[in-house]
Amino acid sequence: MIRVQLPDGSVREVARGTTLAEIARAAGRGDAFAALVDGAPRDLAAPVESDCRVSFLTFAEPEGKEIYWHSTAHLMAQAVKELFPEAKLAIGPPIDEGFYYDIDIGRAFTPEDLEKIEAKMRGLAKRDEPIERVTLPRADAQAMFEGAGDKYKRELLEDIPDEQVSFYRQDGFLDMCRGPHLPRTGLIKTVKLLSTSGAYWRGDEKREMLSRIYGISFPTKDELDQYLHRLEEAKRRDHRRIGREMDLFSIHEEIGPGLVLWHPKGAVVRQIMEAFIRETLAQRGYEQVYSPHLARSRLWEISGHMSWYVESMFAGMVVDEQNYLAKPMNCPFHIMIYKSQTRSYRDLPIRLAEFGTCYRYERPGVLHGLLRVRGLTQDDAHVFCRPDQIEQEASALVDLAFHVLGAFGFKDSEIVLSVRDPKAAPKYAGRPELWDAAEAALEAVLRGRGLPYRRVEGEANFYGPKIDIHLFDAIGRKWQLTTIQLDYTLPERFDLAFMGEDGREHRPVMFHRAILGSMERFMGILIEHYAGAFPLWLAPEQARVLSITDRHVAYAKQVAERLKAEGLRAGVDESSERISYKVRRGQVEHVPYMLVVGDREAAAGTAAVRSRSAGDLGPMALDAFLARVNEEIAARQ
RNA sequence: GCCGCCGUAGCUCAACGGCAGAGCGCCGGAUUUGUAAUCCGGUGGUUAGGGGUUCAAGUCCCCUCGGCGGCUCCA
C-alpha cells in the first residue's frame, strides 16, 4: 500500500498501481480531468507508484487550462490531417490564452479552411473518443516519422534524449507528445479557431515558413462567449481608433512609420503626465537634465551600442566628415554629465532624469500604433551610486514606481526579478561577487516590502540584474512598464569614478530606470485602459458648457471663462443643435463634465451639471461645481 | 525582413471588367429646442503610387509604399 496525500490534508492508502482516475473518483472529484502528482501534471490514467501528494485539475486551474488547450491543439491537428492528409505537423503547444499548431501544407490556411477545420473538430469531439498514452522505442518512432515523411517530428525527436518516447492516440490519430492530456475528446465542448499566420520553424527566419493556426476552447459556451466578448471589448478600446476619434495623435506615411504626431489634445494629456512626474521627481532628489538627439559615433563606440545595438539604430549621417547617430538611449549623455567633474562619495547618489526622445530602428512588421514606435520619449533616469547604496536606491525606485503607477489608476501588478543564469557565467559582465551582492540587494528590497515577485534565472541583462513591473489594465491585459536595471558595465566602459572616504578612486554603479517606459507607449496603454474616458485630472477637455439656445451663448461663454480662470480646461458648445445632440457629442468625446445652461441657470447664475459617468446631477452654483472638481482633480480620480 | 490579409471622400463602408456612391463629418441655410443623433442644401476622389493586360480596370497581373494579424511561451 502507498500513501496519497490530498489537498485537504487527508491521506488515503491505496494499492500500488492505482490510477489517478480511481483516486479522483474515490475522493469525489469526478470533475477532474488530470492531476498534479507532487506538483507535476499527469494523465488520469497514470498509476501512482509511491507515496505522493496529489491534487486534481479542472479547467479552473492554470495547469488544467494548459492541458485542456493542449488536447484541443491535438484535436485540431487530427482534423487537419483528416482534411489535408498531406499536411506535416510541427508543434502545437498551449499558450496563455488558447493554443496554436504549426503545420506545413505548402500554403497558408484560408478563412474557409478554418471553418472546415472547426466543423471537423466539433464532429470529432462529439464522437468522444478516449485519448490514450502509448510509448514507443525511439527507433520505432524514428522509422515511423521517416516512413511518413514527418520531417518536423523527426527533428523534434532528435532533441529528446529518452529511449522511450510518449505518444497520444485518439481515434487512430497518433501524435508525439509529452502530455498529459484529457482522458476523452468529448470533454472539449466548444472551440473557436481565431486566426492564422506564418511562423518560422523553430522561430528561425532562415528556416521553413509554416502555417500557424491559433485557437481557443472552453468547457462551456458561456465561457467562450465571455472570451469573445473580451476580444471585442479590446477592439473597442483600440488606442489607434480612439486616438483618431478623440484627435489625440496621428501617424503619417509622409513623416514615416513609427513616428508620432501629438495633436493638441494628446499633447495636453502628455504635459499633465510629465508635469506630475517632474514634480514627483523633484520631491525625491532627482535633477532634470536635457541632452541632444544626436551624438558622434565615438560616443556609441565607448558605450558599446555600436557593437551590440547597431541593428536597432538609425543609420548615421556625416557632418564635417564626422559620423553622427540618432540616440537610441539617453544613458551615455547622463554619464557624460556625471563625468563632467570629479565626484565625491558625499555627492552620491546622483539621480539624473530626462524625458529623452530616442530613435530606434524597429523592423517594419513590428510597428503598432503608439505601442511600438521608432521615435519615443522615455521617462528616463539614471541613478549613480556607491555599491553600498544599491539596496537603498532600489527600494526608493520601487517605491517611486508604485507611487506613479498608482496615480494612473493601475491596481494590479506583477513583479519579476531577473537574475543571471548561474550556469552561464561567461555571458555576464562584472565580477560574480558584485552580481551576488546586487541580486541579493534587489531581492531584499522586494522581500522587505512584502511584495510578491517571480524570480527568473537567466533573464538578467548581461550588464546586471533587474526588476520589472507588469501591470494589468481594466480588462485584465498585462503590460510590461517599469524596468529598474542595475548596470556595472557602463561605469566601467566610461571609467566612472568617485573619490571615496579613503581618498582613493572607486567605481560607482548605475541604475537605468523608466517608470512609464515611453510616453508614446504609456499613452497608448492609458487610452486602452480608460477606453478613452480619461479621469478628470488627465482629460484633455475637463468641462464643456452647453447652451440650450442661441440666446444663452453669452452666459455659456461667461461660465467657461470663469472655469478657465480657475484653471480648468473648459470649452463651449455654442452650435445651434438641440441640447440632446450636444450631450451626445460630449459623451462620445468622453468629456467628464457638461454644464447645461438655459434661462433658469442664466437667471440664477448656476449650471445644470452632467457627469459623464453619473448623468444629470441637477443645477449647481459654479463655486460648488469648482469645489467638486478641484477635489476630484486633487484625488486624481 | 518573412508569411497571410488589406489600401475607394477627413472617418466607416458600397460599387458583375462597363457613368465612382451612401452615412457620418465639414460648410451654408432654416429651426431656438432642457440631458445620447432636427430638417434642407452644399462641399468632398489622379480609387495609396507606378507599370502592364483589355475596346474598357477601383475590379485582373507585376513592382513600390503604407496598414493589419502573426513570426523559439520547445514533442
Side-chain angles (χ1 to χ4, degrees), chain A residues 66 69-70 73-74 77 89-102 104 107-111 113 138 141 145 150 152-162 165-168 174-179 194-214 235 238 240-241 244-245 247 250-258 311 361-369 546-553 575-589 594-601 608-612 615-619:
Chain A
E66 260 182 47
W69 287 331
H70 196 177
H74 273 226
L89 303 176
I91 57 169
I95 52 179
D96 284 349
E97 293 196 325
F99 60 89
Y100 68 80
Y101 215 118
D102 285 347
D104 186 353
R107 61 172 179 92
F109 289 99
T110 65
D113 292 334
R138 113 180 247 110
F145 292 145
D150 255 333
Y152 303 105
K153 294 290 177 190
R154 216 197 60 130
E155 189 176 327
L156 289 170
L157 182 65
E158 282 167 18
D159 292 346
I160 302 171
D162 316 335
V165 188
S166 66
F167 283 74
Y168 280 78
L174 195 63
D175 196 7
M176 180 171 75
C177 183
R178 184 175 47 195
L194 298 165
S195 61
T196 60
S197 76
Y200 298 106
W201 172 229
R202 308 215 123 175
D204 182 345
E205 55 191 88
K206 289 182 200 67
R207 307 206 55 182
E208 296 89 330
M209 172 65 70
L210 308 172
S211 301
R212 172 172 299 182
I213 304 177
Y214 285 94
K235 211 167 149 194
D238 192 315
R240 293 165 299 188
R241 193 177 60 78
R244 189 175 47 234
E245 282 170 6
D247 196 17
S250 60
I251 297 172
H252 303 264
E253 190 175 339
E254 295 85 338
I255 295 171
E311 73 283 2
Y361 174 75
E362 297 280 3
R363 307 202 305 175
V366 305
L367 299 171
H368 180 88
L546 315 183
S547 52
I548 299 237
T549 76
D550 289 351
R551 68 177 180 280
H552 307 115
V553 169
S575 62
S576 64
E577 295 290 345
R578 294 185 174 175
I579 195 65
S580 55
Y581 182 86
K582 297 192 197 186
V583 166
R584 179 187 151 77
R585 181 148 68 186
Q587 287 288 141
V588 168
E589 291 174 21
M594 283 178 263
L595 282 70
V596 177
V597 296
D599 288 331
R600 298 198 291 271
E601 290 76 15
V609 176
R610 180 190 168 95
S611 136
R612 171 180 66 191
D616 194 352
L617 302 177

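Each chain gets a letter, A, B and so on, in the order its sequence line appears, and its residues count up from 1.
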Between [atom2] of [N] and [atom1] of [X], the distance in whole Å:
X	N	atom1	atom2	value
A:His252	B:rG7	NE2	C1'	17 Å
A:Glu245	B:rC11	CD	P	12 Å
A:Ile213	B:rG4	CD1	C1'	12 Å
A:Tyr101	B:rG70	OH	C1'	19 Å
A:Arg240	B:rU12	CZ	P	12 Å
A:Glu362	B:rC71	CD	P	15 Å
A:Phe109	B:rC71	CZ	P	17 Å
A:Glu254	B:rG10	CD	P	12 Å

Distance check, [atom1] atoms only: [N] and [M], in whole angstrom units.
N	M	atom1	value
B:rC26	B:rC73	C1'	49 Å
B:rU46	B:rC27	C1'	25 Å
B:rU53	B:rC60	C1'	8 Å
B:rU59	B:rC3	C1'	25 Å
B:rA20	B:rU72	C1'	48 Å
B:rC39	B:rG50	P	41 Å
B:rC61	B:rC2	C1'	23 Å
B:rG45	B:rU8	P	15 Å

Check the pair A:Arg202, A:Asp102 against side-chain contact (heavy atoms from CB on, under 4.5 Å), reporting the backbone distance first and the verdict last.
-> CA-CA 10 Å; A:Arg202 308 215 123 175; A:Asp102 285 347; over 6 Å; no
Residue pair A:Tyr200, A:Met209: steps toward the side-chain contact (heavy atoms from CB on, under 4.5 Å) verdict | CA-CA 5 Å; A:Tyr200 298 106; A:Met209 172 65 70; 3.4 Å; yes
Using a 4.0 Å heavy-atom cut-off across all strands, classify [X] as base, sugar-phosphate, or nothing.
X	value
A:Tyr100	sugar-phosphate
A:Arg138	nothing
A:Tyr152	nothing
A:Arg212	sugar-phosphate
A:Leu546	nothing

Per-nt protein contacts along nucleotides 29-43 of chain B (heavy atom under 4.0 Å; B base, S backbone sugar-phosphate only, - none) come out as -BBBBBBBBB-----
Non-hydrogen atoms of [X] and [Y] that approach each other most closely:
X	Y	value
A:Lys235	A:Arg241	O-NE, 4.0 Å
A:Ile91	A:Trp201	CG2-CZ3, 4.3 Å
A:Glu601	A:Val596	CG-O, 3.6 Å
A:Ala90	A:Tyr152	CA-CB, 3.8 Å
A:Leu367	A:Gly258	CD1-N, 4.1 Å
A:Lys582	A:Ser547	NZ-O, 2.7 Å

Using Watson-Crick or G-U wobble geometry with both distances below 3.5 Å, tell me the partner of [N], or none.
N	value
B:rU47	none
B:rC60	B:rG52
B:rG28	B:rC40
B:rG23	B:rC11
B:rC16	none
B:rG34	none
B:rG66	B:rC6
B:rG1	B:rC71

Report the C-alpha distance between A:His552 and A:Leu546 in whole Å, list the side-chain angles of each, state the deciding distance to 0.1 Å, and finish with yes or no for side-chain contact (heavy atoms from CB on, under 4.5 Å).
-> CA-CA 9 Å; A:His552 307 115; A:Leu546 315 183; over 6 Å; no
Contact nearer the 5' end of RNA chain B, comparing A:Glu253 with A:Leu210 = A:Leu210
Let me see the working for A:Arg138 and A:Leu157 under side-chain contact (heavy atoms from CB on, under 4.5 Å), right down to the final yes or no.
-> CA-CA 8 Å; A:Arg138 113 180 247 110; A:Leu157 182 65; 4.3 Å; yes
Kindly indicate whether the side chain of A:Tyr361 and the base of B:rG1 share any N or O donor-acceptor pair separated by less than 3.5 Å?
-> no
Closest to the A:Tyr214 side chain: B:rC71, B:rG69, B:rC11?
->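 Among B:rC71, B:rG69, B:rC11, the one nearest the side chain of A:Tyr214 is B:rC71.
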